[in-house]
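Encoded as C-alpha coordinates, the structure appears first; notes follow it.
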Protein chains: 2
Amino acid sequence: MSHQRWDYAALMRERGFRVTPQRQLILDAICEGGGHTTPEEVYERVRAKSPAVNRATIYRTLDFLCELRLVVAADVGNRRMVYEIAGDTPHHHLVCRTCGKVEQISHETVKALFAKIEREQEFTVDMDHLALFGLCPKCRRAELRGKR
Amino acid sequence: MSHQRWDYAALMRERGFRVTPQRQLILDAICEGGGHTTPEEVYERVRAKSPAVNRATIYRTLDFLCELRLVVAADVGNRRMVYEIAGDTPHHHLVCRTCGKVEQISHETVKALFAKIEREQEFTVDMDHLALFGLCPKCRRAELRGKR
DNA sequence: CTACATGCAAAGAGTTTGCATCCGC
DNA sequence: GCGGATGCAAACTCTTTGCATGTAG
(Lines give C-alpha, C1' and ligand atoms only; values in the text may rest on other atoms or scores of the structure.)
Protein backbone atom coordinates (compact mmCIF):
# COMPACT_ATOMS: atom_id res chain seq x y z
CA MET A 1 0.00 0.00 0.00
CA SER A 2 1.53 3.26 -1.11
CA HIS A 3 1.15 6.33 1.00
CA GLN A 4 0.33 8.41 -2.06
CA ARG A 5 2.58 11.32 -1.34
CA TRP A 6 0.67 13.79 -3.51
CA ASP A 7 -2.50 13.46 -1.46
CA TYR A 8 -0.61 13.82 1.76
CA ALA A 9 1.18 16.87 0.52
CA ALA A 10 -2.06 18.50 -0.50
CA LEU A 11 -3.62 17.62 2.82
CA MET A 12 -0.76 19.20 4.72
CA ARG A 13 -0.84 22.38 2.71
CA GLU A 14 -4.60 22.64 2.96
CA ARG A 15 -4.31 22.70 6.69
CA GLY A 16 -1.59 25.29 6.59
CA PHE A 17 1.41 23.06 7.20
CA ARG A 18 4.49 22.79 5.09
CA VAL A 19 5.60 19.88 2.98
CA THR A 20 9.27 19.42 3.67
CA PRO A 21 11.72 16.83 2.36
CA GLN A 22 12.06 15.49 5.91
CA ARG A 23 8.36 14.89 6.21
CA GLN A 24 8.27 13.05 2.92
CA LEU A 25 11.28 10.93 3.85
CA ILE A 26 9.70 10.04 7.16
CA LEU A 27 6.43 9.07 5.51
CA ASP A 28 8.39 6.93 3.06
CA ALA A 29 10.23 5.30 5.93
CA ILE A 30 7.01 4.39 7.70
CA CYS A 31 5.67 2.96 4.46
CA GLU A 32 8.75 0.81 3.98
CA GLY A 33 8.04 -0.72 7.34
CA GLY A 34 5.08 -2.47 5.79
CA GLY A 35 3.27 -2.96 9.04
CA HIS A 36 4.91 -1.27 11.98
CA THR A 37 7.91 0.92 12.34
CA THR A 38 9.72 2.10 15.44
CA PRO A 39 11.12 5.64 15.68
CA GLU A 40 14.60 4.16 15.55
CA GLU A 41 13.83 2.28 12.33
CA VAL A 42 12.42 5.45 10.83
CA TYR A 43 15.57 7.28 11.86
CA GLU A 44 17.82 4.66 10.27
CA ARG A 45 15.88 4.55 7.01
CA VAL A 46 15.73 8.32 6.73
CA ARG A 47 19.39 8.65 7.57
CA ALA A 48 20.32 6.18 4.83
CA LYS A 49 18.92 8.64 2.32
CA SER A 50 19.62 11.90 4.04
CA PRO A 51 22.20 11.64 6.82
CA ALA A 52 21.70 15.12 8.23
CA VAL A 53 18.18 14.54 9.49
CA ASN A 54 18.00 14.81 13.23
CA ARG A 55 16.37 12.49 15.75
CA ALA A 56 14.36 15.36 17.16
CA THR A 57 12.83 15.87 13.74
CA ILE A 58 11.82 12.22 13.62
CA TYR A 59 9.95 12.48 16.92
CA ARG A 60 8.40 15.84 16.14
CA THR A 61 7.30 14.67 12.72
CA LEU A 62 5.85 11.41 14.00
CA ASP A 63 3.76 13.40 16.48
CA PHE A 64 2.80 15.80 13.74
CA LEU A 65 1.71 13.01 11.39
CA CYS A 66 -0.31 11.40 14.15
CA GLU A 67 -2.09 14.67 14.83
CA LEU A 68 -2.92 14.94 11.15
CA ARG A 69 -4.16 11.35 11.40
CA LEU A 70 -1.99 10.34 8.49
CA VAL A 71 -0.20 7.97 10.81
CA VAL A 72 -1.32 6.01 13.81
CA ALA A 73 0.78 5.21 16.84
CA ALA A 74 0.51 1.95 18.70
CA ASP A 75 2.07 1.01 21.98
CA VAL A 76 3.06 -2.62 21.54
CA GLY A 77 4.36 -3.10 25.04
CA ASN A 78 7.91 -3.42 26.30
CA ARG A 79 7.92 0.35 26.20
CA ARG A 80 8.00 0.30 22.41
CA MET A 81 5.97 2.59 20.21
CA VAL A 82 5.32 1.67 16.61
CA TYR A 83 3.90 3.81 13.87
CA GLU A 84 2.05 2.93 10.69
CA ILE A 85 0.30 4.64 7.85
CA ALA A 86 -3.32 5.23 8.78
CA GLY A 87 -5.40 2.84 6.75
CA ASP A 88 -8.94 3.13 5.56
CA THR A 89 -10.41 0.65 8.03
CA PRO A 90 -9.25 0.60 11.61
CA HIS A 91 -7.68 -2.73 12.42
CA HIS A 92 -5.78 -4.39 15.18
CA HIS A 93 -2.98 -6.87 15.36
CA LEU A 94 -2.31 -10.31 16.67
CA VAL A 95 1.38 -10.77 17.31
CA CYS A 96 2.80 -14.25 17.74
CA ARG A 97 5.23 -14.12 20.62
CA THR A 98 7.16 -17.08 19.25
CA CYS A 99 7.63 -16.40 15.55
CA GLY A 100 6.73 -12.71 15.54
CA LYS A 101 4.17 -13.14 12.80
CA VAL A 102 1.55 -10.40 12.68
CA GLU A 103 -2.08 -11.05 11.74
CA GLN A 104 -4.95 -8.63 11.70
CA ILE A 105 -8.22 -8.54 13.55
CA SER A 106 -11.08 -6.47 12.31
CA HIS A 107 -12.31 -3.56 14.33
CA GLU A 108 -15.71 -5.28 14.34
CA THR A 109 -14.35 -8.11 16.42
CA VAL A 110 -12.88 -5.79 18.97
CA LYS A 111 -15.77 -3.37 19.09
CA ALA A 112 -17.92 -5.81 21.04
CA LEU A 113 -15.42 -5.72 23.88
CA PHE A 114 -15.20 -1.94 23.86
CA ALA A 115 -18.99 -1.71 23.92
CA LYS A 116 -19.21 -4.08 26.85
CA ILE A 117 -16.67 -2.04 28.80
CA GLU A 118 -18.55 1.16 28.00
CA ARG A 119 -21.77 -0.41 29.22
CA GLU A 120 -20.39 -1.94 32.39
CA GLN A 121 -17.87 0.64 33.55
CA GLU A 122 -18.71 3.79 31.61
CA PHE A 123 -15.14 3.80 30.38
CA THR A 124 -14.81 4.86 26.73
CA VAL A 125 -12.09 2.86 25.03
CA ASP A 126 -10.99 4.72 21.93
CA MET A 127 -7.94 2.84 20.73
CA ASP A 128 -7.48 2.80 17.02
CA HIS A 129 -4.83 0.20 17.35
CA LEU A 130 -4.67 -2.74 19.69
CA ALA A 131 -1.85 -5.27 19.80
CA LEU A 132 -2.67 -8.66 21.22
CA PHE A 133 0.06 -11.18 21.92
CA GLY A 134 -0.22 -14.92 21.86
CA LEU A 135 0.51 -17.90 19.68
CA CYS A 136 -0.31 -18.30 16.02
CA PRO A 137 -1.82 -21.65 14.99
CA LYS A 138 1.51 -23.04 13.82
CA CYS A 139 3.47 -22.12 16.93
CA ARG A 140 0.67 -23.29 19.15
CA ARG A 141 0.77 -26.73 17.58
CA ALA A 142 4.56 -26.77 17.90
CA GLU A 143 4.28 -25.89 21.56
CA LEU A 144 1.75 -28.64 22.23
CA ARG A 145 3.99 -31.11 20.50
CA GLY A 146 6.95 -29.99 22.59
CA LYS A 147 5.12 -30.43 25.85
CA ARG A 148 4.22 -34.06 25.24
CA MET B 1 -6.02 -7.85 50.81
CA SER B 2 -2.84 -8.23 52.80
CA HIS B 3 0.31 -9.56 51.25
CA GLN B 4 0.87 -11.79 54.26
CA ARG B 5 4.46 -10.94 54.89
CA TRP B 6 5.23 -14.12 56.89
CA ASP B 7 4.47 -16.39 53.95
CA TYR B 8 6.53 -14.29 51.62
CA ALA B 9 9.44 -14.25 54.01
CA ALA B 10 9.34 -18.01 54.36
CA LEU B 11 9.12 -18.40 50.62
CA MET B 12 12.14 -16.21 50.07
CA ARG B 13 14.23 -18.01 52.64
CA GLU B 14 13.21 -21.42 51.34
CA ARG B 15 14.61 -20.50 48.00
CA GLY B 16 17.81 -19.22 49.49
CA PHE B 17 17.13 -15.50 49.31
CA ARG B 18 17.31 -13.00 52.12
CA VAL B 19 14.48 -11.19 53.76
CA THR B 20 15.63 -7.62 54.09
CA PRO B 21 13.83 -4.57 55.47
CA GLN B 22 13.92 -3.05 51.98
CA ARG B 23 12.15 -6.02 50.45
CA GLN B 24 9.47 -5.90 53.08
CA LEU B 25 8.99 -2.16 52.65
CA ILE B 26 8.72 -2.57 48.91
CA LEU B 27 6.16 -5.35 49.24
CA ASP B 28 4.19 -3.14 51.63
CA ALA B 29 4.35 -0.30 49.16
CA ILE B 30 2.99 -2.42 46.33
CA CYS B 31 0.19 -3.57 48.62
CA GLU B 32 -0.69 -0.01 49.52
CA GLY B 33 -1.21 0.65 45.84
CA GLY B 34 -4.32 -1.44 46.05
CA GLY B 35 -4.38 -2.42 42.44
CA HIS B 36 -1.20 -1.38 40.73
CA THR B 37 1.80 0.67 41.56
CA THR B 38 4.45 2.34 39.48
CA PRO B 39 8.12 2.11 40.46
CA GLU B 40 8.03 5.79 41.31
CA GLU B 41 5.08 5.34 43.66
CA VAL B 42 6.86 2.46 45.32
CA TYR B 43 9.91 4.65 45.72
CA GLU B 44 7.92 7.49 47.29
CA ARG B 45 6.09 5.22 49.71
CA VAL B 46 9.23 3.43 50.75
CA ARG B 47 11.11 6.67 51.14
CA ALA B 48 8.41 8.06 53.41
CA LYS B 49 9.25 5.31 55.87
CA SER B 50 12.92 4.86 55.20
CA PRO B 51 14.49 7.76 53.33
CA ALA B 52 17.82 6.08 52.62
CA VAL B 53 16.44 3.44 50.28
CA ASN B 54 17.78 3.84 46.80
CA ARG B 55 15.98 3.83 43.46
CA ALA B 56 18.25 1.08 42.17
CA THR B 57 17.07 -1.11 45.02
CA ILE B 58 13.47 -0.47 44.02
CA TYR B 59 14.09 -1.65 40.47
CA ARG B 60 16.24 -4.59 41.49
CA THR B 61 13.71 -5.69 44.08
CA LEU B 62 10.76 -5.35 41.71
CA ASP B 63 12.55 -7.59 39.23
CA PHE B 64 13.41 -9.97 42.02
CA LEU B 65 9.82 -10.16 43.25
CA CYS B 66 8.60 -10.75 39.71
CA GLU B 67 11.02 -13.62 39.27
CA LEU B 68 9.74 -15.14 42.49
CA ARG B 69 6.25 -14.67 41.07
CA LEU B 70 5.19 -12.82 44.20
CA VAL B 71 4.52 -9.78 42.06
CA VAL B 72 3.40 -9.38 38.49
CA ALA B 73 4.45 -6.64 36.13
CA ALA B 74 2.14 -5.13 33.56
CA ASP B 75 3.04 -2.82 30.75
CA VAL B 76 0.27 -0.31 30.87
CA GLY B 77 1.36 1.58 27.80
CA ASN B 78 2.79 5.09 27.59
CA ARG B 79 6.00 3.38 28.57
CA ARG B 80 4.70 2.88 32.09
CA MET B 81 5.15 -0.32 34.03
CA VAL B 82 2.92 -1.12 36.95
CA TYR B 83 3.39 -3.79 39.55
CA GLU B 84 0.95 -5.61 41.72
CA ILE B 85 0.82 -8.44 44.19
CA ALA B 86 0.35 -11.73 42.35
CA GLY B 87 -2.46 -14.09 43.14
CA ASP B 88 -5.55 -12.06 42.45
CA THR B 89 -7.65 -13.38 39.64
CA PRO B 90 -6.12 -12.28 36.36
CA HIS B 91 -7.34 -8.88 35.30
CA HIS B 92 -6.62 -6.14 32.84
CA HIS B 93 -6.36 -2.38 32.85
CA LEU B 94 -8.22 0.61 31.52
CA VAL B 95 -5.99 3.64 31.31
CA CYS B 96 -7.41 7.13 30.94
CA ARG B 97 -5.36 8.96 28.36
CA THR B 98 -6.25 12.31 29.86
CA CYS B 99 -5.78 11.93 33.61
CA GLY B 100 -3.75 8.71 33.60
CA LYS B 101 -6.09 7.01 36.03
CA VAL B 102 -5.99 3.21 35.86
CA GLU B 103 -9.08 1.05 36.36
CA GLN B 104 -9.43 -2.69 36.15
CA ILE B 105 -11.40 -4.97 33.88
CA SER B 106 -12.07 -8.56 34.85
CA HIS B 107 -10.55 -11.36 32.87
CA GLU B 108 -14.09 -12.60 32.28
CA THR B 109 -14.90 -9.52 30.25
CA VAL B 110 -11.86 -9.93 28.07
CA LYS B 111 -12.07 -13.68 27.70
CA ALA B 112 -15.03 -13.40 25.34
CA LEU B 113 -12.85 -11.49 22.88
CA PHE B 114 -9.98 -13.95 23.18
CA ALA B 115 -12.39 -16.84 22.63
CA LYS B 116 -13.84 -15.20 19.56
CA ILE B 117 -10.38 -14.67 18.10
CA GLU B 118 -9.48 -18.28 18.86
CA ARG B 119 -12.65 -19.46 17.13
CA GLU B 120 -12.39 -17.26 14.08
CA GLN B 121 -8.65 -17.17 13.45
CA GLU B 122 -7.24 -20.02 15.51
CA PHE B 123 -4.94 -17.54 17.16
CA THR B 124 -4.44 -18.16 20.87
CA VAL B 125 -4.21 -14.89 22.74
CA ASP B 126 -2.52 -15.52 26.07
CA MET B 127 -2.00 -12.08 27.55
CA ASP B 128 -2.26 -11.93 31.27
CA HIS B 129 -2.31 -8.16 31.17
CA LEU B 130 -4.05 -6.08 28.60
CA ALA B 131 -4.00 -2.31 28.71
CA LEU B 132 -6.80 -0.46 27.00
CA PHE B 133 -6.71 3.30 26.55
CA GLY B 134 -9.56 5.70 26.46
CA LEU B 135 -11.41 8.17 28.62
CA CYS B 136 -12.59 7.59 32.15
CA PRO B 137 -16.16 8.76 32.88
CA LYS B 138 -14.96 12.00 34.44
CA CYS B 139 -12.63 13.03 31.63
CA ARG B 140 -15.17 11.99 29.05
CA ARG B 141 -17.73 14.32 30.57
CA ALA B 142 -15.14 17.08 30.75
CA GLU B 143 -14.32 16.56 27.08
CA LEU B 144 -17.97 16.70 26.05
CA ARG B 145 -18.41 19.87 28.02
CA GLY B 146 -15.35 21.40 26.38
CA LYS B 147 -16.59 20.64 22.88
CA ARG B 148 -19.89 22.44 23.29
C1' DC C 1 32.10 -15.30 58.28
C1' DT C 2 30.55 -15.34 53.66
C1' DA C 3 27.73 -14.44 49.96
C1' DC C 4 24.00 -11.93 48.82
C1' DA C 5 21.86 -7.31 49.04
C1' DT C 6 22.27 -2.41 49.16
C1' DG C 7 23.83 2.47 48.35
C1' DC C 8 26.04 5.45 45.46
C1' DA C 9 27.26 7.38 41.35
C1' DA C 10 27.52 7.07 36.81
C1' DA C 11 26.06 5.50 32.42
C1' DG C 12 22.45 4.19 29.25
C1' DA C 13 18.39 4.31 26.21
C1' DG C 14 14.69 6.87 24.48
C1' DT C 15 12.46 11.13 24.16
C1' DT C 16 11.68 16.16 24.68
C1' DT C 17 12.86 21.16 24.59
C1' DG C 18 14.99 25.95 23.92
C1' DC C 19 16.97 28.54 20.69
C1' DA C 20 19.19 30.10 16.54
C1' DT C 21 18.94 29.23 11.74
C1' DC C 22 16.75 27.85 7.59
C1' DC C 23 13.42 27.56 3.95
C1' DG C 24 8.49 26.61 2.10
C1' DC C 25 4.92 29.31 0.80
C1' DG D 1 9.80 38.29 4.04
C1' DC D 2 7.27 35.83 7.51
C1' DG D 3 6.41 32.15 10.40
C1' DG D 4 6.60 27.43 10.65
C1' DA D 5 10.18 23.60 10.49
C1' DT D 6 14.73 21.96 11.37
C1' DG D 7 19.36 21.08 13.50
C1' DC D 8 21.95 21.12 17.44
C1' DA D 9 22.89 20.47 22.01
C1' DA D 10 21.37 19.94 26.26
C1' DA D 11 18.05 18.38 29.50
C1' DC D 12 14.92 15.04 31.10
C1' DT D 13 12.83 10.60 32.55
C1' DC D 14 13.20 6.10 33.51
C1' DT D 15 16.09 2.27 34.18
C1' DT D 16 20.40 -0.37 34.50
C1' DT D 17 25.20 -1.36 36.06
C1' DG D 18 29.93 -1.55 38.47
C1' DC D 19 31.88 -1.40 42.62
C1' DA D 20 32.62 -0.82 47.52
C1' DT D 21 30.22 -1.51 51.76
C1' DG D 22 26.85 -3.53 54.72
C1' DT D 23 24.22 -7.27 56.74
C1' DA D 24 21.16 -11.60 56.93
C1' DG D 25 21.64 -16.21 57.78
Side-chain angles (χ1 to χ4, degrees), chain A residues 5-6 8-29 36-47 49-68 70-71 73-83, chain B residues 5-6 8-30 36-47 49-68 70-71 73-83 100:
Chain A
R5 171 184 308 165
W6 40 93
Y8 286 51
L11 189 71
M12 287 184 201
R13 272 189 280 258
E14 270 169 32
R15 304 197 196 173
F17 300 108
R18 295 182 187 169
V19 180
T20 65
Q22 289 89 334
R23 286 177 175 174
Q24 296 187 27
L25 284 168
I26 289 166
L27 268 174
D28 285 342
H36 306 111
T37 315
T38 63
E40 191 58 25
E41 285 164 352
V42 172
Y43 179 61
E44 290 304 335
R45 282 187 203 128
V46 168
R47 221 156 64 110
K49 294 178 186 167
S50 179
V53 176
N54 195 268
R55 268 204 180 78
T57 303
I58 304 293
Y59 286 108
R60 280 191 285 230
T61 303
L62 287 172
D63 282 351
F64 165 78
L65 294 172
C66 284
E67 264 163 41
L68 283 193
L70 298 183
V71 163
D75 190 323
V76 295
N78 257 339
R79 295 178 226 103
R80 296 201 331 155
M81 293 300 290
V82 296
Y83 295 83
Chain B
R5 171 183 309 165
W6 41 95
Y8 287 52
L11 190 69
M12 286 184 203
R13 272 189 279 257
E14 270 168 33
R15 305 197 196 173
F17 300 107
R18 295 183 186 167
V19 180
T20 64
Q22 289 91 334
R23 286 177 175 174
Q24 296 187 28
L25 284 167
I26 289 167
L27 267 173
D28 285 343
I30 300 169
H36 20 254
T37 314
T38 63
E40 191 58 26
E41 285 164 351
V42 171
Y43 179 62
E44 290 304 334
R45 283 188 201 126
V46 167
R47 220 156 66 110
K49 294 179 186 166
S50 180
V53 176
N54 195 269
R55 267 203 180 79
T57 302
I58 304 293
Y59 286 107
R60 281 190 286 230
T61 302
L62 288 172
D63 281 352
F64 165 78
L65 294 171
C66 284
E67 265 163 40
L68 283 193
L70 298 181
V71 162
D75 190 324
V76 107
N78 260 339
R79 296 174 229 108
R80 295 199 324 159
M81 294 300 289
V82 296
Y83 296 83

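Just so it is clear, the values below take in all heavy atoms, side chains as well, and ignore hydrogens, waters and symmetry mates.
No donor-acceptor pair under 3.5 Å is formed between the side chain of A:Arg80 and the backbone N or O of A:Thr38.
If you measure from atom CE of A:Met81 to atom C1' of C:dG14, you get 12 Å, rounded to the nearest angstrom. As rounded to whole Å, 15 Å separates atom C1' of C:dA11 from atom OH of B:Tyr59. Atom OH of A:Tyr43 and atom P of C:dT15 are 13 Å apart (whole Å). Following rounding to the nearest Å, A:Tyr83 (OH) and C:dG14 (P) show an atom-to-atom distance of 13 Å.
In this structure, OH on A:Tyr83 lies 11.0 Å from CD1 on A:Ile58, to the nearest 0.5 angstrom. Atom NE2 in B:His36 sits 13.5 Å away from atom CE in B:Met81 (nearest 0.5 Å). Atom CD1 of A:Ile26 is separated from atom CG of A:Leu62 by 6.0 Å, given to the nearest 0.5 angstrom.
Residues passing the side chain to side chain donor-acceptor pair (under 3.5 Å) test with B:Glu40, sequence neighbours excluded: B:Arg55. Residues that satisfy the side chain to side chain contact (heavy atoms under 4.5 Å, CB included) test with A:Leu25, not counting sequence neighbours, are A:Val46, A:Lys49, A:Ser50. Contacts of B:Tyr43 classified as ring-ring contact (aromatic ring centres under 6.0 Å, His included), with partners at least two apart in sequence or in another chain: none. Applying the side chain to side chain contact (heavy atoms under 4.5 Å, CB included) rule to A:Asn54 yields the partners A:Ala56, A:Thr57; only residues at least two apart in sequence or on another chain are considered.
Counting heavy atoms from C-beta outward, A:Glu44 and A:Arg47 have side chains that approach closer than 4.5 Å. Side-chain contact between B:Phe64 and B:Met12 is present, with heavy atoms from C-beta onward closer than 4.5 Å. Side-chain contact between B:Thr61 and B:Val42: absent, with no pair of heavy atoms (C-beta onward) separated by less than 4.5 Å. The shortest distance between side-chain heavy atoms of A:Leu68 and A:Phe17 falls below 4.5 Å.
Counting 5' to 3', DNA chain D first comes under 4.0 angstrom of a heavy atom of chain B and last does so at the ends given by D:dC14 to D:dG25.
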Sub-3.5 Å pairs of nitrogen or oxygen atoms, protein against nucleotides 22-25 of chain C:
from   : atom 1 : to      : atom 2 : distance (Å)
C:dG24 : N2     : A:Arg18 : NH2    : 2.8
C:dC25 : OP1    : A:Arg13 : NH1    : 2.9
C:dC25 : OP1    : A:Val19 : N      : 3.1
C:dC25 : OP2    : A:Arg13 : NH1    : 3.3

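Within a 6.0 Å sphere centred on CZ of A:Arg45, other residues, nucleotides and ligands contribute more than 12 heavy atoms.
Each end of the helix from C:dC1-D:dG25 to C:dC25-D:dG1 gets its own axis, taken as the rotation carrying the C1' atoms of four end pairs onto the next four within a five-pair window, and the two axes meet at 30° to the nearest 10 degrees.
Applying the 4.0 Å criterion to OP1 and OP2 of C:dA5, one finds that B:Arg23 has a side-chain N or O inside that range.
Remark: A:Ala52, A:Val53, A:Asn54, A:Ala56, A:Thr57 in residues 50-57 of chain A come within less than 4.0 Å of DNA chain D through at least one heavy atom.
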